[in-house]
Amino acid sequence: MSTSDPNKLMAKADKLTTLSLTRWSADWKSAVLLYEQAANAFRVARNYEKAKLAFEKASKGQEMLSSPWDAAKHMETAASQAKEMRSWSEVADFYRRASELYMQCGRSQPASDALAKGARALEDAVPDDAIQLYTDACDILEEDGKEQMAFDLYRAVTSVYIKLEKYTDAATFLLRWGLAADKCNATNSQCKAYLSAIIVYLYTHDFKQAEKCYNDCCQIDAFLRSDQSRCASKLLSAYGEGDVEEIKRVAQSSTISNLDHVIIRLARKLPTGDVSSLKSDASKGEEEPLDENDLT
């Protein structure tokens, strides 16, 4: 039947939205129904290119009908069709547009979720773009005071950074997670994030940065009194003493076993460099030079 042919449905819908000498205004209400029917038919037939286009047009129609929520839903479906085609730039663009439409509805959670969906789709193919989408998704929730809803996003960003071996960026994001957790009184998550950042610095064999990070975090009373703080202190002491066996023992502790898997894997590989030099540096610092002018 001609009415069930999605190509004819698209043509009819296009005609309803095209102005001419005989049509002075677009009939978006009728056109949207046709675009939606065509889109679903193309999707069932796995004609991803045409389904993507039909959902785009259906989204545009819902916008014209002042229905941003439905427009966002169609844009997300267009993104899923683009994903099937491995058209990564369109995946990112469509999910971003869906997020903007959700924000027009004043809905920060689905707006953030749309960006997160895009990020997950791009993680393997375009990880740098995925990180940006995840970060923007975090921004939306933070600006709306919903930091606790972003914890899975912080975790995802950290994981991608570590896969890319961008360890400093991973540690920085873990500290951001700790700050967000502090704002919503999620003390356990906060302390885990800070210990995780210290472990990441130790994995890069940057003992001084790990020590600085620990000292900074200890300015926060909740961390100072935590199991995670004690664990970090033991790790840093073992590094300072050049005690490889103690480092490995602490890395196997239950406190570290309760962290995210990506951090546990790093901790189990400690130490990653020669720690004997740290011991000699520490002992040099302990030997105070004799000041002949000091007669006290």
Side-chain angles (χ1 to χ4, degrees), residues 151 154-155 157-182 186-296:
F151 284 9
Y154 298 124
R155 183 178 291 111
V157 175
T158 301
S159 180
V160 178
Y161 272 134
I162 288 174
K163 285 178 186 175
L164 294 176
E165 299 183 355
K166 294 184 175 182
Y167 300 110
T168 301
D169 290 327
T172 300
F173 222 88
L174 284 163
L175 294 173
R176 175 174 172 175
W177 184 357
L179 181 62
D182 183 43
T187 304
N188 192 43
S189 294
Q190 177 186 13
C191 295
K192 283 183 176 182
Y194 289 154
L195 174 56
S196 297
I198 292 164
I199 288 170
V200 171
Y201 283 128
L202 288 175
Y203 183 79
T204 65
H205 207 60
D206 191 343
F207 178 74
K208 287 185 177 179
Q209 189 60 43
E211 197 170 42
K212 180 182 182 301
C213 182
Y214 171 74
N215 289 334
D216 289 345
C217 292
C218 281
Q219 301 302 309
I220 299 166
D221 192 52
F223 179 73
L224 182 62
R225 295 181 286 104
S226 69
D227 290 341
Q228 289 80 13
S229 173
R230 285 186 283 277
C231 180
S233 178
K234 289 177 183 177
L235 262 181
L236 292 169
S237 294
Y239 266 84
E241 294 165 7
D243 191 339
V244 173
E245 291 308 311
E246 177 64 5
I247 292 169
K248 290 182 177 179
R249 189 191 69 78
V250 177
Q252 294 290 335
S253 67
S254 59
T255 303
I256 286 180
S257 296
N258 286 323
L259 301 177
D260 288 329
H261 293 302
V262 67
I263 303 298
I264 295 171
R265 284 196 292 271
L266 297 186
R268 299 288 194 257
K269 295 175 183 177
L270 298 178
T272 54
D274 181 16
V275 294
S276 60
S277 60
L278 297 174
K279 182 178 181 181
S280 60
D281 288 345
S283 61
K284 285 177 186 176
E286 290 170 3
E287 295 173 4
E288 290 291 338
L290 180 63
D291 186 349
E292 295 177 357
N293 297 318
D294 187 355
L295 302 178
T296 56

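Index from 1, following the sequence.
- Contact record, Ser253 with Cys231: OG-SG, 3.9 Å, taken as the closest heavy-atom pair.
- Smallest separation of non-hydrogen atoms from Cys191 and Gln228: CB-OE1, 3.3 Å.
- Every residue meeting the ring-ring contact (aromatic ring centres under 6.0 Å, His included) condition with Phe223, not counting sequence neighbours, appears here in chain and number order: Tyr194.
- For the pair Gln209/Thr168, no side-chain contact is recorded, criterion being any heavy-atom separation below 4.5 Å from C-beta on.
- Closest of all the heavy-atom pairs between Phe207 and Leu202 is CD1-CD2, 4.1 Å.
- Atom CG of residue Leu174 and atom CD of residue Gln190 lie 13.0 Å apart, to the nearest 0.5 angstrom.
- Residues Glu165 and Tyr167 have side chains in contact (heavy-atom distance under 4.5 Å, counting atoms from C-beta outward).
- Screening Val200, Ile198, Ile199 for a side chain to side chain contact (heavy atoms under 4.5 Å, CB included) with Cys213, the sole residue that qualifies is Ile198.
- Salt-bridge check for Lys208 with Glu211: failed, with every basic side-chain N at 4.0 Å or more from each acidic carboxylate O.
- The nearest pair of heavy atoms linking Arg268 to Ser257 is NH2-OG, 3.0 Å.
- Judged by distance alone, with hydrogens and angles left aside, the side-chain atoms of Ser237 form no donor-acceptor pair with the main-chain N or O of Lys234 at under 3.5 Å.
- In this structure, His261 NE2 and Leu266 CG are separated by 13.5 Å, a value rounded to the nearest 0.5 Å.
- Here the side chains of Ser229 and Cys218 are in contact, with some heavy-atom distance below 4.5 Å.
- Between the OH atom in Tyr214 and the OG atom in Ser233 there is a gap of 4.0 Å [rounded to 0.5 Å].
- Counting heavy atoms from C-beta outward, Ile256 and Leu235 have side chains that approach closer than 4.5 Å.
- Under the 3.5 Å distance criterion, the side-chain polar atoms of Ser276 are left unmatched by any main-chain donor or acceptor of Gly242.
- Ser159 places none of its side-chain heavy atoms less than 4.5 Å from the side chain of Arg155.
- Put simply, the side chain of Ile263 reaches to within 4.5 Å of the side chain of Ile162, judged on heavy atoms.
- Across Arg230 and Arg225, no two heavy atoms sit closer than the pair NH1-O, 3.3 Å.
- Side-chain N or O atoms of Asp260 include none that pairs as donor or acceptor with a backbone N or O of Val262 at under 3.5 Å.
- Annotation: side chain of Val160 is not in contact with side chain of Lys166 (no heavy-atom distance under 4.5 Å).
- Between the Ser196 side chain and the Lys192 main chain, a donor and an acceptor come within less than 3.5 Å of each other.
- Residues Ala210 and Leu236 come closest through the heavy atom pair CB-CD2, 4.1 Å.
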